[in-house]
Structures are given as C-alpha cells and as structure tokens.
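Reading through the structure tokens given below for one structure.
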Amino acid sequence: MSLAAVNPMPIQTGQQNAKSMVSIDAVTMSFGSYVAVQDVNLTVADGEFLAIVGPTGCGKSTILNAIAGLLKPASGTVTIDDTPVKGVQNDIGYLFQQDALLPWKTSIENVELGLMFRGVGATERRERSMSWLAKVGLKGFEHRYPHQLSGGQRKRVQMAQALIAGPKVILMDEPFSALDIHTRHLMQNELLRLWQEERRAVVMITHDLEEAIALGDRVAILAAGPRSRVIESFPVDLERPRDVAEIKLDPRFMDLYRNIWASLRGEVEKSYERRD
Ligand SMILES: Nc1ncnc2c1ncn2[C@@H]1O[C@H](COP(=O)(O)OP(=O)(O)OP(=O)(O)O)[C@@H](O)[C@H]1O
Ligand SMILES: [Mg+2]
C-alpha cells in the first residue's frame with residue numbers, strides 16, 4: 001500500500017504563495033570564453049523543492065555553485081532571502097555527490113563541523129550532533145570513522161552535517177547517484193521525511209528524471225550546453241508525503257514522466273551529438 005493511500009491529507013503541493021527564497025535573475029556563467037549558461041532565470045520559494053535536470057555538462061553544478069557563492073556570475077544576480085550573494089554563503093547546506101566527510105574525523109566530529117563554523121559552543125554542539133545522528137538512524141555509530149561506515153551511512157552523516165544548522169537553502173548535487181537502487185530509495189525517503197519536518201527551500205540537481213519527479217515540487221529542464229538556459233519548468237502535483245518507490249507506480253507519475261521526458265530527450269540527444 002502506498003504512503004499516499006495511508007495518509008492522503010494534507011495535500012501539500014505548490015508553493016505559489018510562499019515568499020521567494022532563492023532568486024536567479026538573468027545569470028550568465030562563463031569559464032574564459034566558454035559560456036556555460038546564459039540568461040538563466042529561476043526562483044525557488046521558501047519551502048519549495050526544485051529539481052533541476054539536464055544533459056551532462058550543461059551547467060547544473062555551475063548554477064548550484066553560483067547559488068552557493070562558490071562561483072561568480074559573469075552577469076546577472078543571485079539573491080538568497082532578498083540578499084545578493086557575494087562570496088561563500090553561510091546559511092546554505094550543501095550535499096555533494098562525492099563523499100565529503102573528513103576521513104580523520106568520526107561521524108559525530110564531522111557533524112559537529114556544521115555547527116563549529118557558526119560559533120556554537122562545544123557542549124551544545126555535541127548534544128545537537130548526537131540528536132541529529134539519531135535522527136538519521138545512526139545512533140551507536142557516533143564514534144566510527146568514515147571508512148568504518150557503508151556508503152549509505154556516510155550519506156546519512158553528510159545529510160546530518162548539511163541540515164544541522166537549519167540552513168535557509170539546501171543545495172544537493174546528485175547526492176545519491178553513487179548508491180545502489182535500494183539504498184537510494186531509502187535515502188530519498190529519509191530526505192523527504194526530514195524535509196517535511198521543517199521545510200526549507202531545496203535545489204536538487206540530478207540526471208535521474210524519476211528522482212526529480214519523485215522528490216520535487218517542480219522540475220526545471222536545462223538545455224544542452226553551451227549557453228544552456230532553462231527551457232521549461234513542470235509543476236509536480238503529486239501529494240505528500242510520498243514514498244519514492246510507490247509513487248513511480250502512480251499513473252500520474254507516469255504521465256508526468258512522459259511529458260517531461262518529451263522535453264528533456266531532445267536536449268540529451270543534442271548533447272550526445274555535440275560530443276562527436
Ligand atoms: N572550472 C571550469 N573551467 C572550465 N570549464 C568548466 C569549469 N567548470 C565547468 N566547466 C564547463 O562548464 C560546463 C558545465 O559544467 P557543469 O559541471 O556545470 O556541468 P553539469 O551539468 O553539472 O554536468 P554533469 O551532469 O556531468 O555533472 C561543462 O562544459 C564544463 O566542462
Ligand atoms: Mg555536475
């Protein structure tokens with residue numbers, strides 16, 4: 001039985017009335033003479049989960065790094081909560097594709113880093129980190145080093161690290177792509193559960209259209225590069241809470257998949273052609 005069937009209410013789709021948390025206005029990103037993305041406009045409402053999909057090399061990570069303040073746009077502006085992004089942002093949580101834990105620190109020490117940079121005292125840091133590790137299902141694993149954890153467990157530590165400080169915006173760059181399908185489903189459900197508790201603006205990048213639809217409130221499609229731009233944006237009007245494995249069997253999911261793939265497919269094909 002699907003989660004949606006057990007708990008059909010409340011329907012929590014669409015964030016049309018919420019204030020804008022991330023705003024990307026006419027952003028162009030270049031590397032030397034190579035224009036990766038051009039004139040990109042995107043907004044993410046507070047509490048909205050935006051998924052971005054697009055062919056490899058089209059500029060997805062570049063856009064995410066512009067939001068994080070790690071890369072500076074050649075033109076245009078990025079604002080977070082009405083403040084222009086200038087330099088590395090403090091109030092975002094960034095979940096990377098690769099393992100980003102410090103190998104010489106234990107789980108709890110890695111999670112504490114998320115608070116240390118914000119000046120939280122040692123006792124409070126330890127208490128909050130213990131409780132976050134329990135929240136992501138790692139009670140008893142606090143003193144293990146990353147190499148003593150499975151890939152999924154390491155991802156859980158990273159999730160706690162990214163979320164512990166209660167960031168205004170959560171950025172995710174293909175965070176689950178290295179995991180096997182079952183662990184990926186578990187982690188996606190875990191992420192949705194945590195996000196439902198305290199909704200933040202999320203920008204998730206993925207090359208997996210199923211993941212984008214299963215998790216997102218909206219799916220934005222980027223064109224093949226160079227000079228990539230947003231070609232279309234699709235609202236995902238599937239109720240929450242969602243179970244990512246179950247929702248893929250919903251006929252509305254399949255309809256959405258067909259529609260969005262019709263738009264994405266051409267871009268993926270273009271990107272393959274340009275490689276020759
Ligand atoms: N530091 C850099 N210097 C030069 N070119 C870069 C740099 N970073 C990215 N690029 C180029 O910009 C384009 C966009 O890169 P980006 O990493 O954003 O793509 P992506 O959509 O995240 O791809 P993938 O799905 O493979 O992760 C690519 O053509 C890439 O080669
Ligand atoms: Mg990338």
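For this chain, numbers begin at 1 and follow the sequence in order. Both ligands and their constituent atoms are indexed starting at 1 by order of listing.
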If we only count heavy atoms from C-beta on, is the L222 to E267 side-chain gap below 4.5 Å? no

Atom indices of ligand 1, in the order listed, that fall short of 4.0 Å to a heavy atom of G57: 13 (C), 14 (C), 19 (O), 20 (P), 21 (O), 23 (O), 24 (P), 25 (O), 26 (O), 28 (C), 29 (O)

Among protein heavy atoms, which sits nearest to atom 25 (O) of ligand 1, and what does the distance come to when rounded to 0.1 Å? K60 NZ, 2.7 Å

Does G225 come within less than 4.0 angstrom of ligand 1, counting non-hydrogen atoms of the residue? no

Salt bridge flag under 4.0 Å for residues E273 and K270: no

Within ligand 1, which atoms have a heavy atom of G59 less than 4.0 Å away? 14 (C), 16 (P), 18 (O), 19 (O), 20 (P), 21 (O)

Can you tell me if G54 has a non-hydrogen atom under 4.0 Å from ligand 1? no

Mind running side chain to side chain donor-acceptor pair (under 3.5 Å) on S23 and D25 for me, showing each step along the way? CA-CA 6 Å; S23 184; D25 296 304; 3.1 Å; yes

Protein heavy atom at shortest distance from atom 18 (O) of ligand 1: T62 OG1, 2.5 Å

Is there any N or O on C58 that sits under 3.5 Å from an N or O of ligand 1? yes

Is there any N or O on F31 that sits under 3.5 Å from an N or O of ligand 1? no

Does a salt bridge link K168 with D46, judged by any charged N lying under 4.0 Å from a carboxylate O? no

Can you tell me if S61 has an N, O or S atom under 2.8 Å away from the Mg ion (ligand 2)? yes

for atom 26 (O) of ligand 1, nearest protein heavy atom and its distance come out as T56 OG1, 2.5 Å

Which atoms of ligand 1 are found less than 4.0 Å from any heavy atom of Y34? 12 (O), 13 (C), 29 (O)

Could you go through the side chain to side chain contact (heavy atoms under 4.5 Å, CB included) check for F31 and T62 one step at a time? CA-CA 10 Å; F31 300 102; T62 301; 3.8 Å; yes

Candidate list R125, E142, R126, test side chain to side chain contact (heavy atoms under 4.5 Å, CB included), partner E109, passing option: R126

So that I can tick it off, tell me whether R229 and D39 are bridged by a salt bridge, with the cut-off set at under 4.0 angstrom between side-chain N and carboxylate O. no

Can E174 and T206 be said to form a side chain to side chain donor-acceptor pair (under 3.5 Å), step by step? CA-CA 5 Å; E174 310 224 20; T206 172; 4.9 Å; no

Is atom 30 (C) of ligand 1 in close reach of the protein, with a heavy atom under 4.0 Å away? no

Pair L256, I213 - check side chain to side chain contact (heavy atoms under 4.5 Å, CB included), show working. CA-CA 8 Å; L256 272 166; I213 302 170; 4.0 Å; yes

Please report which non-hydrogen protein atom sits nearest to atom 27 (O) of ligand 1, along with the residue it belongs to and the distance in Å to one decimal place. S61 OG, 4.1 Å

